[in-house]
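Take a look at the structure set out below.
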Amino acid sequence: MLKILSVFGTRPEAIKMAPLIQEIGRTPGLKSLVCVTAQHREMLDQALAVFGVTPDYDMDLMRPAQTLADITSGVLTGLGPILAETSPDLVLVHGDTTTSFAAALAAYYAKIPVGHVEAGLRSHNRYSPFPEEINRVLCDRLSLLHFCPTESNAENLRAEGTEGLVTVTGNTVIDALHMLVRADYSFHSPTLAAFDFSAGRTILLTAHRRENFGAPFEQIFRAVLRLTEAYPDLRFIYPVHRNPAVTKPAYRVLGNRARITLIDPVEADDLHNLMGRCYMVLTDSGGLQEEAPALGKPVLVLRTETERPEAVEMGAVKVVGVEEADIFREASVLLDDSAAYRRMSLAVNPYGDGKASKRICQAISAYFGI
């Protein structure tokens with residue numbers, strides 16, 4: 001049996017790795033092991049529970065006010081003994097987190113091949129998203145198996161002279177969506193369960209990125225206030241990240257405002273079904289740029305660039321920046337112009353057909369000659 005150790009630490013990683021972990025368990029010749037670092041504790045546990053994934057190893061690294069250096073050093077020192085004990089044939093990491101970079105480096109030090117799920121994305125700005133852009137680049141340099149969501153991701157790797165296997169698989173988040181989103185879904189969150197989605201147009205807001213801390217958050221939140229004042233039928237739902245750099249300005253500016261609902265982070269199935277019932281999405285997240293178009297929801301990206309240009313090119317996503325006037329203007333277009341809204345909502349989703357996990361397992365089996 002080929003032993004595959006999947007290492008991840010945040011909720012987005014768990015959502016995207018869970019379908020793959022399940023597929024590994026169904027694939028003859030492959031044995032799945034799971035190690036979580038708990039870079040994010042509570043939000044990670046929510047996602048694991050939704051998908052029924054039980055880690056074999058839990059490093060439990062999360063600490064108050066942890067720094068990037070804390071996470072990196074904690075993963076490096078903590079993962080070494082686990083690699084020595086399990087002797088995996090392949091370590092799988094995902095995306096662009098500090099957990100993924102440090103885990104890939106630890107596996108490299110142990111001379112264990114690394115497979116990178118969601119490889120090849122590039123913003124070409126080393127400080128945005130920060131630190132994710134460099135984390136992802138380093139993961140690709142440390143990996144021998146590269147599983148790319150799109151052909152343009154694969155082209156990025158080929159242009160860089162990347163070593164090893166480069167395979168286009170689609171994005172595993174589409175696999176997750178197919179598992180979770182249902183028309184008859186009942187929300188776990190009491191607030192969402194009681195929310196009347198038929199009473200008006202609902203916008204899902206998510207904003208949590210480090211590069212938006214401070215003044216950009218102020219601009220984003222003022223744009224939200226301005227939109228609610230201009231459109232009486234509009235409501236916002238904002239699951240607020242637990243980082244104090246997010247919660248403090250969010251509740252100061254948007255708390256106790258009419259038609260703006262601030263809630264704690266919700267479970268993965270709640271979030272995906274919330275996306276399915278909203279009118280559109282305003283976000284600085286990477287994953288939601290992939291997920292919402294698969295549900296026919298236009299996405300306005302609250303950043304100045306994106307490492308996911310495919311959906312922008314297809315017309316499902318638009319990068320609008322972090323200035324109040326720009327956000328208000330672009331959101332107003334989709335609220336006022338039904339033809340513009342239809343063009344975005346009906347744009348082709350470039351991230352696959354929900355079979356990425358199966359393709360990844362096939363590529364692993366072929367690489368190792370199974």
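This is a predicted model, so every value here is computed, not measured.
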For atom [atom1] of [X], decide whether the heavy atoms of other residues, nucleotides or ligands shown that lie under 6.0 angstrom number more than 12.
X    : atom1 : answer
F213 : CZ    : yes
K31  : NZ    : no
R141 : CZ    : no
Y108 : OH    : no
D196 : CG    : yes
R126 : CZ    : no
Y251 : OH    : yes
E163 : CD    : no

**Report entry** side-chain hydrogen bond (donor to acceptor under 3.5 Å, both in side chains) partner of N153, the single match among R308, E118, E310
**Finding:** E310

Heavy-atom distance under 4.5 Å between the side chains of [X] and [Y], does that happen here?
X    : Y    : value
R359 : K355 : yes
M344 : M280 : no
T228 : R257 : no
T10  : F8   : no
T261 : Y238 : no
I21  : V34  : yes
D56  : T86  : no
P149 : L121 : yes

Report summary line: Result for side-chain contact (heavy atoms from CB on, under 4.5 Å) between I237 and one of L262, I260, T202, L205 points to T202

Requested in this report: Output, in order, the C-alpha distance, side-chain angles, deciding distance and verdict of side-chain contact (heavy atoms from CB on, under 4.5 Å) for R226 and R222.
Outcome: CA-CA 6 Å; R226 189 172 166 190; R222 285 203 296 268; over 6 Å; no

Is there a donor-acceptor pair under 3.5 Å between the side chain of [X] and the backbone N or O of [Y]?
X    : Y    : answer
D96  : R136 : no
H116 : G95  : yes
D269 : L180 : no
Y279 : L334 : yes
N212 : F217 : no
T306 : P309 : no
N273 : R182 : yes
K297 : C278 : yes
N171 : Y351 : no
S143 : H146 : no

Determine whether [X] and [Y] fall in the same hydrophobic cluster, where Ile, Leu, Val, Met, Phe, Trp and Tyr are linked whenever their side-chain heavy atoms lie under 4.5 Å apart.
X    : Y    : answer
M275 : L335 : no
L145 : V168 : no
L142 : L76  : yes
L33  : L79  : yes
L177 : Y185 : yes

From [atom1] ([X]) to [atom2] ([Y]), nearest 0.5 Å:
X    : Y    : atom1 : atom2 : value
Y367 : L144 : OH    : CG    : 4.5 Å
I360 : T169 : CD1   : OG1   : 4.0 Å
M43  : D45  : CE    : CG    : 11.5 Å
R201 : R235 : CZ    : CZ    : 11.0 Å
T37  : M59  : OG1   : CE    : 6.5 Å
T72  : N135 : OG1   : CG    : 7.0 Å

Minimum-distance pair of heavy atoms, taken over all atoms of [X] and [Y]:
X    : Y    : value
V93  : V114 : CG2-CG1, 4.1 Å
G9   : T99  : N-CG2, 3.7 Å
L157 : C148 : CD1-SG, 3.6 Å
N156 : G120 : ND2-O, 2.8 Å
A103 : V7   : CB-CG1, 3.7 Å
L302 : I220 : CD1-CG2, 3.8 Å

Electrostatic pair [X]:[Y] at N-O distance under 4.0 angstrom:
X    : Y    : answer
E23  : R26  : yes
R158 : E151 : yes
D284 : R210 : no

Query raised in the report: Stepwise, does the side-chain contact (heavy atoms from CB on, under 4.5 Å) test hold for L83 with Y109?
Result: CA-CA 10 Å; L83 294 175; Y109 285 161; over 6 Å; no

Is there a donor-acceptor contact under 3.5 Å linking the side chains of [X] and [Y]?
X    : Y    : result
D270 : H188 : no
S152 : T150 : yes
S285 : T206 : no
S100 : E13  : yes
T98  : Q39  : no
E305 : S123 : no

Query - Chi angles and distances behind the side-chain contact (heavy atoms from CB on, under 4.5 Å) call for E85, I82 - result: CA-CA 5 Å; E85 176 183 336; I82 295 171; 5.7 Å; no

Query raised in the report: Should the ring pair H241 and H208 be called parallel, tilted or perpendicular, given that the plane angle runs from 0 to 90° and is split at 30 and 60?
Result: parallel

Query - Steps toward side-chain contact (heavy atoms from CB on, under 4.5 Å) verdict (L204, L288) - result: CA-CA 10 Å; L204 170 62; L288 267 65; 4.1 Å; yes

